[in-house]
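Report on the following structure.
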2 protein chains.
Amino acid sequence: MTIQPRTLKGQETQAKLLQTALDCFAAEGYKASSMRVIAARAGVSLSHAYYYFSSKEDIVARLLLNLRTEQFERCRSALDEGNTLESNIRAVFTSGLSVMQPYHEFGPAFLKVLLSQDQVDNELSAVEFSLWEKAVSGARPLPPLGIRSDLPKFLSLLSRQLFSVWAYDQSANQRRSLLLMDNAAPVAAKFAVLCRLPVVRSLFADVLALMDSGSSVQDHQDRQTTRSKVPKAS
Amino acid sequence: MTIQPRTLKGQETQAKLLQTALDCFAAEGYKASSMRVIAARAGVSLSHAYYYFSSKEDIVARLLLNLRTEQFERCRSALDEGNTLESNIRAVFTSGLSVMQPYHEFGPAFLKVLLSQDQVDNELSAVEFSLWEKAVSGARPLPPLGIRSDLPKFLSLLSRQLFSVWAYDQSANQRRSLLLMDNAAPVAAKFAVLCRLPVVRSLFADVLALMDSGSSVQDHQDRQTTRSKVPKAS
DNA sequence: AGACATTTTTGAACGCGTTCAAAAAGCTCG
DNA sequence: CGAGCTTTTTGAACGCGTTCAAAAATGTCT
């Protein structure tokens with residue numbers, strides 16, 4: 001994005017450029033939708049596109065955000081109907097797949113956007129996270145109280161891993177990732193239930209602490225402090 | 001790679017090209033080591049480089065393989081000294097980090113190579129896997145018998161996830177990934193120990209089954225068959 | 001030796017993402 | 001109006017990864 005236009009006409013141009021790009025992506029695919037093609041289709045010069053978007057990746061990021069938002073709209077209601085956690089997890093997975101499938105060839109580009117963005121403070125992560133929050137809070141029976149508040153973060157991380165498998169999945173129609181997600185849903189749900197047991201619960205705590213130690217929030221803390229968050233094992 | 005030269009001179013040229021590329025990578029970094037620069041430094045024309053290597057990514061893949069091999073050499077002996085599993089895991093992590101650190105800017109390129117390669121049948125995965133096999137079989141006390149044979153595969157997958165965090169880690173000197181790996185070692189070891197308990201053990205089995213369902217081995221099997229490998233949860 | 005087939009090597013080109021200096025248009029005051 | 005500012009728009013260029021047809025070198029067989 002990089003620039004927000006001062007004038008109305010500027011905003012319109014930027015919007016038109018973005019819409020053209022998205023259309024072009026859908027119609028022609030990633031490689032064929034060069035910046036030159038997009039600019040031409042939007043009726044502006046190549047360099048003008050760069051006035052509004054600092055890179056092609058910038059536009060891809062918007063596409064990804066759009067898709068996630070559509071996924072959110074598409075399955076938000078289903079998550080509130082008192083189904084099991086497993087079925088809610090599955091709902092998020094399948095809605096994601098159906099929204100993303102037409103853009104599977106964007107996989108690597110999507111992943112790059114996802115991984116290079118700040119994992120805490122960005123709109124995309126917020127949408128993803130709110131999906132998992134709904135999936136957890138709308139599940140009946142509710143997951144164990146002790147982990148209820150941490151579960152969305154955990155699921156959100158899990159889904160990123162699955163997404164990265166999907167992104168490079170070369171099997172026909174991404175059969176393998178579809179299968180993987182189908183199988184992951186019950187396992188994750190089972191894990192949540194087993195967290196009632198102290199042993200499993202403490203494992204979950206360890207994993208959560210790991211996730212924190214890998215997040216950018218800790219960037220200004222020193223090593224000693226952070227380390228103490230992870231209980232020694234042996 | 002793509003072509004194996006018929007004549008001796010051809011092989012020499014290819015070898016020189018590869019060595020030049022690797023030197024260039026080390027000296028100038030990823031972006032600065034363009035195919036043109038590499039070819040020029042090796043004293044051949046640009047298009048000739050493409051006669052021996054089908055793409056720049058091809059060469060990056062060789063670099064990655066070289067680094068993994070060096071990591072293997074560097075820590076193989078340490079894994080056989082009867083240390084704990086935790087310390088062996090840590091040894092693999094830290095040797096990996098020290099070998100890779102100078103090439104951190106290659107992270108995204110490395111990851112692309114790693115993810116787009118066939119995860120079963122390629123040399124790189126074989127080297128990685130054998131590292132984890134040594135880490136497990138050389139650990140004292142040995143991990144529970146029931147999971148001992150599956151543990152290397154699990155650790156291998158885990159390390160890929162950590163690698164992908166490292167690849168995009170923007171913190172100074174990759175502090176965050178270093179910290180993450182440091183913390184992951186004891187947790188993984190603890191997990192292995194807890195696998196003596198039936199509950200944890202069955203969770204491990206589920207996760208392992210997941211990994212299989214995401215692998216390419218199953219590509220020719222039908223959905224029904226594969227699905228039955230994962231026990232229903234709820 | 002000379003003709004032929006194969007392997008190696010080249011130069012020129014293509015389209016790509018990106019950058020930049022400068023032109024054009026719009027806006028704000030006297 | 002028009003001088004001086006900011007915002008928008010452009011054309012031309014750069015270096016990149018990659019491709020290709022064709023030249024040069026090499027090897028093989030009679």
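In the text below, chain A, chain B and the rest are named by the order of the sequence lines, each starting its count at 1.
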Worksheet item: Is the distance from OP1 or OP2 of D:dT9 to the nearest side-chain N or O of A:Tyr52 less than 4.0 Å?
Response: yes
Item to complete: Figure out the CD/C1' separation between A:Glu28 and C:dG15, and round it to whole Å.
Response: 16 Å
Worksheet item: Atom NZ of A:Lys56 and atom C1' of C:dC16: how far apart are they, to the nearest Å?
Response: 8 Å
Worksheet item: What's the closest nucleotide to the B:Ser47 side chain, out of D:dG11, C:dT19, C:dT10?
Response: C:dT10
Worksheet item: Yes or no on side-chain contact (heavy atoms from CB on, under 4.5 Å) for B:Gln101 and B:Asn173, after CA distance, side-chain angles and deciding distance?
Response: CA-CA 8 Å; B:Gln101 197 193 13; B:Asn173 287 102; 3.6 Å; yes
Discussion item. Can you see if the side chain of B:Ser34 gets near the phosphate of D:dC16 - specifically, an N or O under 4.0 Å from OP1 or OP2?
Written reply: yes
Worksheet item: Between atom NZ in A:Lys9 and atom P in C:dA25, what is the gap in whole Å?
Response: 9 Å
Discussion item. Nearest to the B:His48 side chain among D:dT8, C:dT9, C:dA12, which nucleotide is it?
Written reply: C:dT9
Worksheet item: Between atom CD in B:Glu12 and atom C1' in C:dT9, what is the gap in whole Å?
Response: 16 Å
Worksheet item: On DNA chain C, nearest-nucleotide positions of B:Leu46 versus B:Gln4: which is more 5'?
Response: B:Gln4
Worksheet item: When rounded to the nearest 0.5 angstrom, what distance separates CG in A:Leu180 from CD in A:Gln174?
Response: 13.0 Å
Discussion item. Please confirm whether the ring centroid of B:Trp132 lies under 6.0 Å from the ring centroid of B:Phe93.
Written reply: yes
Practice prompt. Starting from P on D:dG17, measure out to CD1 on B:Ile59 and report it in whole angstrom.
Written response: 10 Å
Worksheet item: Any side-chain N or O of A:Tyr51 less than 4.0 Å from the OP1 or OP2 oxygen of D:dT8?
Response: yes
Discussion item. Output the rounded distance in Å from CZ (A:Arg36) to P (D:dT9).
Written reply: 19 Å
Practice prompt. Could you tell me the separation between the CE atom of B:Met35 and the C1' atom of C:dT10, rounded to a whole number of Å?
Written response: 15 Å
Fill in: Euclidean distance, atom CD of residue B:Gln11 to atom C1' of C:dT9 [Å, nearest integer]
17 Å
Item to complete: Show the numbers, then the answer: is there a side-chain contact (heavy atoms from CB on, under 4.5 Å) between A:Met100 and A:Leu64?
Response: CA-CA 9 Å; A:Met100 295 287 190; A:Leu64 186 54; 3.5 Å; yes
Fill in: Reported CG-to-CD distance for the pair B:Asp118 and A:Gln170, which is rounded to 0.5 angstrom
10.5 Å
